[in-house]
Amino acid sequence: MNKGMKSKLSEIRNDYRKAALSEEVSPNEPFQLLESWIHQAIECELSEPTAMVLSTVNLSGMPSSRLVLLKGLEQGILKFFTNYESAKAAQMEKNSGIALLFFWAGLERQVRIEGKAFKLPSEESDQYFKSRPRESQLGAWSSRQSRVIASRDILQKEFEKQQALWEDKIPERPSFWGGYGVKPHYIEFWQGRSSRLHDRLAYTLINSDWIRQRLSP
Ligand SMILES: Cc1cc2nc3c(=O)[nH]c(=O)nc-3n(C[C@H](O)[C@H](O)[C@H](O)COP(=O)(O)O)c2cc1C
């Protein structure tokens, strides 16, 4: 990185003034607030409002992160879909403890979630797979996610092969593709405020009660 760029990086800063998060407006349980923040991000037409960073950990304790899209939030379970033979799936198989993170820059908001991941029932994955555009369905069939491939051409050829295979049929869900649910035990809402005096409200599930605490920014 050149010297000019370095000094520019250290000069990038924002003072956050858009909103506040107080105990008075926060419910006793976190899901209503999470839903309303997600809806606000969608309504504001932010780019990828449902994108969340999913962090998994391997058996040596090494974390790894990537974006996935939230596809459902029902009865306190967050849902996303992926390849069951991917690197992330292998990590969740061995260690179901995961973290999720939403960041909505346009709203000066972050939500941190920690919980346990589990595979969704196959009927639910079937249902969601059916709702996907045909190209995405064929894309799922064509990709052995996370594996090394020699070239992009291989991927394209596999896609064409799948197009021919499913030519006059509705593609079924591949057994190696499906959904995960996440049951959180920690959800923290962060609202940027002026002078770095940000609002942080953390909800922790203790037994079956959510305890809400304010954290110092
Ligand atoms: C905005 C965005 C959304 C994404 N959504 C998904 C998703 O819903 N499911 C998925 O498997 N990968 C998704 N990806 C790709 C993942 O970030 C990642 O590259 C892929 O899942 C392989 O991860 P892994 O090798 O760690 O398993 C998305 C990437 C971006 C940038």
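Both counts, for ligands and for their atoms, begin at 1 and track the order of listing. Note: hydrogens, waters and symmetry copies are ignored here, and every other heavy atom, side chains too, is used.
- The six-membered or imidazole ring of F80 lies near that of Y180, with a centre-to-centre distance under 6.0 Å.
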Could you pull out the N/O contacts under 3.5 angstrom between ligand 1 and the surrounding protein atoms?
unit_1: ligand 1; atom_1: 8 (O); unit_2: L69; atom_2: N; d: 3.0
unit_1: ligand 1; atom_1: 9 (N); unit_2: F81; atom_2: O; d: 2.9
unit_1: ligand 1; atom_1: 11 (O); unit_2: T82; atom_2: OG1; d: 2.6
unit_1: ligand 1; atom_1: 11 (O); unit_2: Q145; atom_2: NE2; d: 3.3
unit_1: ligand 1; atom_1: 14 (N); unit_2: L67; atom_2: O; d: 3.1
unit_1: ligand 1; atom_1: 17 (O); unit_2: L67; atom_2: N; d: 3.3
unit_1: ligand 1; atom_1: 17 (O); unit_2: L67; atom_2: O; d: 2.7
unit_1: ligand 1; atom_1: 21 (O); unit_2: K88; atom_2: NZ; d: 2.6
unit_1: ligand 1; atom_1: 21 (O); unit_2: Q145; atom_2: NE2; d: 3.1
unit_1: ligand 1; atom_1: 23 (O); unit_2: K88; atom_2: NZ; d: 3.3
unit_1: ligand 1; atom_1: 25 (O); unit_2: S146; atom_2: OG; d: 2.6
unit_1: ligand 1; atom_1: 26 (O); unit_2: R66; atom_2: NE; d: 2.8
unit_1: ligand 1; atom_1: 26 (O); unit_2: R66; atom_2: NH2; d: 2.9
unit_1: ligand 1; atom_1: 27 (O); unit_2: A87; atom_2: N; d: 3.3
unit_1: ligand 1; atom_1: 27 (O); unit_2: K88; atom_2: N; d: 3.0
unit_1: ligand 1; atom_1: 27 (O); unit_2: K88; atom_2: NZ; d: 2.9
unit_1: ligand 1; atom_1: 27 (O); unit_2: S146; atom_2: OG; d: 3.3

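- For residues 31-50, no pair satisfies salt bridge (charged side-chain N to carboxylate O under 4.0 Å, His left out), with sequence neighbours left out.
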Please list every donor-acceptor pair under 3.5 Å in which a side-chain atom of residues 183-190 meets a protein atom from a residue at least two apart or in another chain.
unit_1: Y186; atom_1: OH; unit_2: E188; atom_2: OE1; d: 2.9
unit_1: E188; atom_1: OE1; unit_2: R200; atom_2: NH2; d: 3.0
unit_1: E188; atom_1: OE2; unit_2: R200; atom_2: NE; d: 2.8
unit_1: E188; atom_1: OE2; unit_2: R200; atom_2: NH2; d: 3.4

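- Here the side chain of R152 pairs no donor or acceptor atom with the backbone of I149 at under 3.5 angstrom.
- A donor-acceptor pair shorter than 3.5 Å cannot be found between the side chains of Q127 and E123.
- Not a single side chain to side chain donor-acceptor pair (under 3.5 Å) links Q213 to another residue, sequence neighbours left out.
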